[in-house]
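Only one structure is covered here, and it is reproduced in the block below.
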Amino acid sequence: MNAYAPILVLGALGAGFAIFSVVAATFIGPKRYNRAKLEAYECGIEPTPQPAGGGRFPIKYYLTAMLFIVFDIEIVFLYPWAVSFDALGLFGLVEMLLFVLTVFVAYAYVWRRGGLEWD
């Protein structure tokens, strides 16, 4: 259990800081409400009414989500590879190059489909 004590202490400190920040902000923060702040999304753009059954999302939404997932998964696999790079040798290097090539193919697909253009 002694090996996990620093992790538990760090987690408790992080949770304590997060809770303290939220509680302190409610007491000492400014309380100037307006119509835009009371909307569901405070992004600066007036929301447009949606049909009762929901609306259709443009394909760019899904392409952006797919791009995020592809790069998120790539980062998850790059961290352990970077940590054990010396132990893996040439085999690990070749496997990671194949993996990055696969990710690049997904990136090229999203780029070609226009997922990176915000018109």
Side-chain angles (χ1 to χ4, degrees):
M1 190 64 182
N2 286 338
Y4 295 110
I7 296 171
L8 293 174
V9 169
L10 185 63
L13 282 173
F17 179 74
I19 292 170
F20 171 75
S21 298
V22 170
V23 170
T26 59
F27 289 119
I28 62 175
K31 296 179 179 42
R32 294 181 297 247
Y33 298 108
N34 59 25
R35 195 180 70 140
K37 284 189 177 183
L38 295 176
E39 290 289 331
Y41 298 101
E42 187 184 339
C43 63
I45 300 172
E46 293 292 327
T48 58
Q50 294 291 327
R56 294 181 61 165
F57 287 102
I59 189 68
K60 290 185 181 190
Y61 172 79
Y62 296 107
L63 289 174
T64 304
M66 184 175 70
L67 183 68
F68 171 76
I69 290 171
V70 164
F71 283 111
D72 195 37
I73 290 172
E74 179 186 16
I75 293 300
V76 166
F77 284 120
L78 278 175
Y79 275 122
W81 173 76
V83 169
S84 62
F85 178 71
D86 289 337
L88 293 175
L90 184 63
F91 173 75
L93 180 64
V94 170
E95 289 297 319
M96 189 50 65
L97 286 175
L98 291 173
F99 178 70
V100 170
L101 180 68
T102 306
V103 171
F104 179 73
V105 168
Y107 175 70
Y109 172 76
V110 172
W111 189 357
R112 182 152 171 85
R113 295 287 298 188
L116 302 176
E117 297 173 7
W118 296 95
D119 293 330

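In this chain, numbering begins with 1 at the start of the sequence shown. Any value given below was found using the heavy atoms of this structure, including those in side chains, with hydrogens, waters and symmetry copies removed.
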Donor-acceptor list for residues 4-31 side chains, cut-off 3.5 Å, not counting sequence neighbours:
unit_1 : atom_1 : unit_2 : atom_2 : d
Ser21  : OG     : Phe17  : O      : 2.8
Thr26  : OG1    : Val23  : O      : 2.6
Lys31  : NZ     : Thr26  : O      : 2.7
Lys31  : NZ     : Gly29  : O      : 3.3

Cluster link [X] to [Y], ILVMFWY, side chain under 4.5 Å:
X     : Y      : answer
Ile69 : Tyr79  : yes
Phe77 : Leu97  : yes
Ile75 : Val100 : yes

Could you go through residues 81-93 and list every donor-acceptor pair under 3.5 Å that involves a side-chain atom there, pairing it with any protein atom two or more places apart or in another chain?
unit_1 : atom_1 : unit_2 : atom_2 : d
Trp81  : NE1    : Gly92  : O      : 3.2
Ser84  : OG     : Pro80  : O      : 3.0

Exercise for the section: List for me each residue that meets ring-ring contact (aromatic ring centres under 6.0 Å, His included) alongside Phe71, sequence neighbours excluded, and say none if there are none. Expected result: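 For Phe71 the ring-ring contact (aromatic ring centres under 6.0 Å, His included) partners, ignoring immediate neighbours, are Tyr107.
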Handout entry: Spacing of Ile73 atom CD1 and Leu78 atom CG [to the nearest 0.5 Å]
Key = 12.0 Å
